[in-house]
Amino acid sequence: MKGRFAPSPSGRMHLGNVYTALLSRLSAYSQGGSWLLRIEDLDPQRSRYEHARMIEDDLDWLGLAWDEGGLDDRGDAGPYSQSRRSDIYEAFLERLTATGRTYPCRCTRAEIMATQAPHQSDGRVIYGGHCRPRRLGGNAVETESDSRKAAVRLCVTDEDICFVDGVKGPQSFNLTREVGDFILRRADGAWAYQLAVVVDDALMGVTEVLRGDDLLLSAAQQIYLYRLLGFEAPRFVHVPLVCNEEGRRLSKRDAPMGMSYLRQHHTAEEVLGMAAFRVGIIREEQPLSFSELLELVSTEQSADGLFRSSGAK
Ligand code: GLU
């Protein structure tokens, strides 16, 4: 069993990231598994090496050490930073192209977002298939003469993708209605999150993907890719997000929830205790180390079992 934490180094961690990191490591360790750290620095404009360093430093400070991965590429499935895995993504894009289900797209809308994990609050648009060629059931005719660089899209099918989420239970999504053909590579050559995350989780042997529930729909896109590439999909566990006072996903604006503030005003045990309290692992907020928390969940099959028994805050 292998869990993972896959942060994008676009800024410093906040309590929301601590919470998913803590839960995925608790879930992995309570099942006798290991925990991997992957740096999701696909977007050169948003990703900074210094942020990745800070993420590692914050995880160290919290006592959440990873068994595999990280900036120094510990393990044999590396490199563990997505910016250094282009050749691998290229090979898998070729495989998908060989299925005849990809096509070039010169629409500009939504492309910018492709490298990022599509968190619900980012307001995604459903792609209507404007560039989908006739051979794939669309109206567009492929014009080689168009000199603008093209993105590569994957044609989705009109079927329900069903899976059982570890927290949310049975799920069913129709990609045609809810996403549309999605991008695998942007026109500027940047790899899309959906392709990279599937290839990486599969090649790195990840068996449990635990992350925020605003990526629930992405699991359906990813399962579709797993099938096309002939990989077995991992178990998905989507946990409720930590929200700010206005009920929105935490962002850099919520400074008191940011690691810089938290480290100045609290001990690591206090921060872990805060995160654990929000998950419902403990009923009253109190400082606890990772091993103490692990002991608390060890009677459960996995950390997500705790959601069902106590309900997330
Ligand atoms: N890198 C993504 C993010 O930080 C997480 C993706 C995932 O866990 O699949 O939003």
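All figures in this text were calculated on a predicted structure; none of them were measured in a lab. Counting convention: from 1, in listed order, for ligands and their atoms alike. Throughout, numbering of the chain's residues begins at 1 and tracks the sequence.
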Return the orientation label for the F5 and W35 ring planes: parallel under 30°, perpendicular over 60°, tilted otherwise.
parallel
Would the distance check show the side chain of E56 and the main-chain N or O of R53 forming a donor-acceptor pair, the cut-off being under 3.5 Å?
no
Is the charged tip of R153 near the ring of F182: under 6.0 Å from the six-membered ring centre and within 45° of its axis?
no
CD of E68 to CZ of R74: how many Å apart, nearest 0.5 Å?
10.0 Å
Distance check, rounded to the nearest 0.5 Å: Q31 atom CD versus Y29 atom OH?
13.0 Å
Going by distance alone, is a donor N or O of one side chain under 3.5 Å from an acceptor N or O of the other, for S289 and E292?
yes
Protein N/O near ligand 1 N/O, under 3.5 Å, which pairs?
{"residue": "ligand 1", "atom": "1 (N)", "partner": "A6", "partner atom": "O", "Å": "2.8"}
{"residue": "ligand 1", "atom": "1 (N)", "partner": "S8", "partner atom": "OG", "Å": "2.9"}
{"residue": "ligand 1", "atom": "1 (N)", "partner": "E40", "partner atom": "OE1", "Å": "2.6"}
{"residue": "ligand 1", "atom": "4 (O)", "partner": "S8", "partner atom": "N", "Å": "3.3"}
{"residue": "ligand 1", "atom": "4 (O)", "partner": "S8", "partner atom": "OG", "Å": "3.2"}
{"residue": "ligand 1", "atom": "8 (O)", "partner": "R4", "partner atom": "NH1", "Å": "2.6"}
{"residue": "ligand 1", "atom": "9 (O)", "partner": "R4", "partner atom": "NH2", "Å": "3.0"}
{"residue": "ligand 1", "atom": "9 (O)", "partner": "Y193", "partner atom": "OH", "Å": "2.7"}
{"residue": "ligand 1", "atom": "9 (O)", "partner": "R211", "partner atom": "NH1", "Å": "2.8"}
{"residue": "ligand 1", "atom": "10 (O)", "partner": "H119", "partner atom": "NE2", "Å": "2.7"}

